[in-house]
Amino acid sequence: AEIRIPDDYDPDTEYPLVVLLHGYSVSGGIQNLYFGLSNQVSALDFILVIPDGTPNSGGARFWNATDACCNFEDQPVDDVAYLRGLIEEAQANYRIDPRRVYLFGHSNGGFMSHRMACDAPDVIAAIVSLAGSTHLLPADCDTDTPVSMLQIHGTADDVILYDGIEGPQDIFPAGYPSAAETTRRSAERAGCDLDAAEAGPDLDLDTSLDGAETSVLEYHAGCERGVDAALWTIEGGGHLPPVNRAAFSTAVIEWLLAHER
């Protein structure tokens, strides 16, 4: 895994940690290029870890996240343990604020972020999933410990469908819930009032679509202290939305940094 630290890193200061999880068949380096995340490390004062998943028989890197995505060959991989270990290693080598450890994943990396929120909520404060989803069955996320969650998803995504799938389809051996349902479940775990979701101001994330195309739905009311959930819906957005890298990565990181456990 690569690690990037602020130019003016000070060992006497505790820094937030962000782990970037790439999509299926790409790499951490490619994912970082797409978001331009490492360019923001010094400006926003966080430490970034960029790991690579396990290659399958065709050389496509993946995370063993949910039964839908994306360990298609049933390889014996424990990515929850791997990512826990990476977080511990970063904490051993740098001054990390244990209350501000975050995951940001795209597609398969989004699924893996959700898996970590289910299986390692003791070490994570918040996750962001772009075009990912969680377990189809709520019982497979066996935790009562809430993690703040931001789901970002395009309605025209033809790889991971905004509305989810209920069972095996195309390359996917199992289903996954819709973006709205995924967000509701995080809000429910956090104790939020599901009927009190509020619309936030629209955002302009996708540079290929005119105007502020992204609607914002936020669950704040009734949630456990410091925990919340949000859904950013890119109306007409695809699986790899063209973004202004600086603006997009800054918006995501600032959302994460507003949360601590």
Exam field: side chain [X] to backbone [Y], donor-acceptor pair closer than 3.5 Å:
| X | Y | answer |
| --- | --- | --- |
| Glu73 | Ser57 | yes |
| Asn32 | Gly28 | no |
| His259 | Val147 | no |
| Gln169 | Gly175 | no |
| Ser42 | Asp7 | yes |
| Ser107 | Gly109 | no |
| Asp170 | Phe172 | no |
| His153 | Asp163 | no |

Next on the checklist: Please evaluate residues Ile3 and Leu48 with respect to the criterion side-chain contact (heavy atoms from CB on, under 4.5 Å), reporting the C-alpha separation (whole Å), side-chain torsions for both, the decisive distance (0.1 Å), and the verdict.
Outcome noted: CA-CA 6 Å; Ile3 193 153; Leu48 176 64; over 6 Å; no

Next on the checklist: Test side-chain contact (heavy atoms from CB on, under 4.5 Å) on Cys118 and Arg115; report intermediate values, then the result.
Outcome noted: CA-CA 5 Å; Cys118 294; Arg115 170 82 188 268; 5.6 Å; no

Can you tell me if [X] and [Y] form a side-chain donor-acceptor pair at under 3.5 Å?
| X | Y | value |
| --- | --- | --- |
| Asp202 | Ser215 | no |
| Thr214 | Glu235 | no |
| Ser38 | Arg4 | yes |
| Tyr82 | Asn64 | no |

Which pair of heavy atoms, one from [X] and one from [Y], lies closest together, and at what distance?
| X | Y | answer |
| --- | --- | --- |
| Asp67 | Pro173 | O-CG, 3.2 Å |
| Gln151 | Gly132 | NE2-O, 2.7 Å |
| Ala117 | Ile127 | CB-CD1, 4.1 Å |
| Asp206 | Ser208 | OD1-OG, 2.6 Å |
| Leu209 | Gly237 | CD1-N, 3.9 Å |
| Arg245 | Ser249 | O-OG, 2.6 Å |

If you count heavy atoms of other groups shown closer than 6.0 angstrom to [atom1] of [X], is the number above 12?
| X | atom1 | answer |
| --- | --- | --- |
| Asp210 | CG | no |
| Glu198 | CD | no |
| Asp142 | CG | no |

In terms of hydrophobic clusters joined by side-chain contacts under 4.5 Å, are [X] and [Y] together?
| X | Y | answer |
| --- | --- | --- |
| Ile50 | Leu256 | yes |
| Ile152 | Phe111 | no |
| Met116 | Leu20 | no |
| Val18 | Val49 | no |
| Trp255 | Val41 | yes |

Measure the [atom1]-[atom2] distance between [X] and [Y] for me, rounded to the nearest 0.5 Å.
| X | Y | atom1 | atom2 | value |
| --- | --- | --- | --- | --- |
| Glu218 | Cys223 | CD | SG | 10.5 Å |
| Gln91 | Leu17 | CD | CG | 7.0 Å |
| Ser133 | Tyr162 | OG | OH | 11.5 Å |
| Met149 | Arg184 | CE | CZ | 11.0 Å |
| Thr13 | Arg95 | OG1 | CZ | 7.5 Å |
| Leu217 | Thr233 | CG | OG1 | 7.5 Å |

Would you check if [X] and [Y] make a side-chain contact, meaning some heavy-atom pair closer than 4.5 Å?
| X | Y | result |
| --- | --- | --- |
| Ser113 | Val128 | no |
| His114 | His135 | no |
| Leu150 | Ser129 | no |
| Leu44 | Glu254 | yes |
| Leu21 | Val19 | yes |
| Glu14 | Pro98 | yes |
| Ile5 | Tyr94 | yes |
| Leu161 | Tyr176 | yes |

Item to check | Working for salt bridge (Lys or Arg N to Asp or Glu O under 4.0 Å), residues Arg185 and Glu188 | outcome: CA-CA 5 Å; Arg185 287 194 204 163; Glu188 192 171 21; over 6 Å; no

Next on the checklist: ring pair (Phe, Tyr, Trp, His ring centres under 6.0 Å) for Phe72 and Phe62? Distances and angles first, verdict last.
Outcome noted: CA-CA 9 Å; Phe72 300 132; Phe62 71 93; 8.1 Å; no

Item to check | Intermediate values then yes/no, side-chain contact (heavy atoms from CB on, under 4.5 Å), Gln75 and Thr54 | outcome: CA-CA 9 Å; Gln75 292 169 250; Thr54 306; 4.0 Å; yes

Item to check | Residues Arg84, Asp122: salt bridge by 4.0 Å N-O rule | outcome: yes

Next on the checklist: For Asp193 and Tyr219: C-alpha separation, side-chain torsions, deciding distance, then whether side-chain contact (heavy atoms from CB on, under 4.5 Å) applies.
Outcome noted: CA-CA 7 Å; Asp193 179 349; Tyr219 292 89; over 6 Å; no

Checklist outcome for this item: With His22 as partner, the option from Tyr34, Phe35, Trp63 fulfilling ring-ring contact (aromatic ring centres under 6.0 Å, His included) is Trp63

Checklist entry - Does the ring pair (Phe, Tyr, Trp, His ring centres under 6.0 Å) test come out yes or no for Phe46 and Tyr102, once each step is laid out? => result CA-CA 10 Å; Phe46 67 96; Tyr102 310 113; 8.9 Å; no

